[in-house]
Protein chains: 2
Amino acid sequence: MIRDESNVKGRRTSQRDAIRAVFDQAGRPLSPQEVLLAAKKRVPRLGIATVYRTVKGFVDEHFLATVDLPGEPPRYELAKLSHHHHFHCRSCGKAFDIPGCPGHMRLTTPAGFVVEEHEIVLYGRCPDCAKGK
Amino acid sequence: MIRDESNVKGRRTSQRDAIRAVFDQAGRPLSPQEVLLAAKKRVPRLGIATVYRTVKGFVDEHFLATVDLPGEPPRYELAKLSHHHHFHCRSCGKAFDIPGCPGHMRLTTPAGFVVEEHEIVLYGRCPDCAKGK
DNA sequence: ATCTCTGCAAATGTTTTGCATCAGC
DNA sequence: GCTGATGCAAAACATTTGCAGAGAT
């Protein structure tokens, strides 16, 4: 395939480069605030509005995907990751990726319901927090 | 045990009776707005602040449980329901209960993660919406 | 030079809170 | 009559938007 991996649109700015770099290095879903904090190290004057706008743009371009966990504000991660689920640490509140999927989630749904997708979220303690105590 | 099943605290008011009745008849998780709408039929002057305060109180009393679906504001349902999962209709946006659980969710979590709980959410079309089109 | 992107501040939408009044006990 | 509960409006938060100026092409 000759497709460009990142079908990035619009102009190239230091803010966008910074935000892109943050996600490339994150390895886990990030909230807008986490993005702002990390990207500010490269572009100190970065504003939260730019983070929201840029992240939304990246989602449209399929560079990022939205990660919605129950009761949590949206996080974002690289869209190129394959199907997987998430782990939410009850101690530090961070989200992590869990590779793979139990597949065939045969929850016997009541008659009439048409299931199109599923989402699984695990709760507990991440390695750092489990070790810590 | 001699504990009272409903350890209801505080005074009995028409507002609380109305909200309690709404949940007893709902049969599915409700958002604060849905509660307000339904309970207003019994207590027209009911305010949204009272709904939020009362629902939160009911959760503390374990009469209600919070139902958090990804990317959705919290909903609430009777706490006495046994372990189950939820279905979110992409057409009408309503939430439904799905009895049972696939159990042993053996997602092979990476080393170090301690799993304490899991949440499964199914997405698709509810009976009404599936039938409608 | 053009036109998009950015930062700031104001707007929005939702949930929470302060307070005077109302009502259960 | 006390004291907790309610309704209203203001406050708090998080996210979005308007706009003038900065910066990429």
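So you know, we letter chains A, B, ... as the sequences are listed, proteins then strands, and number each from 1. As a basis for the values below, the full set of heavy atoms in this structure was taken, side chains included, without hydrogen atoms, waters or symmetry mates.
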To the nearest Å, give me how far apart [atom1] ([X]) and [atom2] ([N]) are.
| X | N | atom1 | atom2 | value |
| --- | --- | --- | --- | --- |
| B/Ile48 | D/dA5 | CD1 | P | 18 Å |
| A/Arg45 | C/dA9 | CZ | P | 11 Å |
| A/Glu72 | D/dT15 | CD | P | 11 Å |
| A/Lys40 | C/dC8 | NZ | C1' | 12 Å |
| A/Leu36 | D/dT15 | CG | P | 12 Å |
| B/Glu61 | D/dA5 | CD | C1' | 13 Å |
| A/Ile19 | C/dT6 | CD1 | P | 7 Å |

- Give the ring-plane orientation class for B/His118 versus B/His83, where under 30° counts as parallel, over 60° as perpendicular and anything between as tilted.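 Taking B/His83 first and then B/His118, their aromatic rings stand perpendicular (interplane angle over 60°).
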Quiz item: So does B/Arg12 have more than 12 non-hydrogen atoms from other groups sitting under 6.0 Å from CZ?
Solution: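 It does not: B/Arg12 CZ has 12 such atoms or fewer within range.
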task = Mark yes when over 12 heavy atoms from residues, nucleotides or ligands other than B/Lys40 sit less than 6.0 Å from its NZ; otherwise mark no.
result =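 Yes, because the 6.0 Å sphere around NZ of B/Lys40 holds more than 12 heavy atoms from other groups.
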_Applying a 4.0 Å non-hydrogen cut-off, can you work out what B/Leu46 is touching in the nucleic acid: base, sugar-phosphate, or nothing?_
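Since only primed, P, OP1 and OP2 atoms lie under 4.0 Å of B/Leu46, the category is sugar-phosphate.
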Would you classify B/Pro32 as touching base, sugar-phosphate or nothing, given that sugar-phosphate means primed atoms plus P, OP1 and OP2, and contacts are heavy atoms under 4.0 Å?
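No contact at all - B/Pro32 keeps every heavy atom at 4.0 Å or more from the nucleic acid.
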| query | In Å, rounded to the nearest 0.5 Å, how long is the span from CZ of A/Arg90 to SG of A/Cys129? | reply |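 Separation between the atoms: 13.0 Å.
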Please check: side-chain N/O of [X] versus main-chain N/O of [Y], any donor-acceptor pairing under 3.5 Å?
| X | Y | value |
| --- | --- | --- |
| B/His84 | B/Asp97 | no |
| A/His88 | A/Gly93 | yes |
| A/His86 | A/Ile98 | no |

So does [X] get a side-chain nitrogen or oxygen closer than 4.0 Å to the phosphate oxygens (OP1/OP2) of [N]?
| X | N | answer |
| --- | --- | --- |
| B/Gln15 | D/dG7 | yes |
| A/Lys56 | D/dT15 | no |
| A/Arg16 | C/dT6 | yes |

Original post:
Nearest nucleotide by nearest heavy atom, which residue falls closer to the 5' end of DNA chain C, A/Thr50 or B/Arg12?
Top reply: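 Mapping each residue to its closest nucleotide by heavy atoms, the 5'-most match is A/Thr50.
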- Proximity to the side chain of A/Tyr52 - top-ranked nucleotide from D/dT16, C/dG7, D/dT25: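 Between D/dT16, C/dG7, D/dT25, the one nearest the side chain of A/Tyr52 would be D/dT16.
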Write out a two-atom table: protein N or O, nucleotide N or O from nucleotides 19-23 of chain D, distance below 3.5 Å.
unit_1, atom_1, unit_2, atom_2, d
D/dG23, N2, A/Arg11, NH1, 2.3

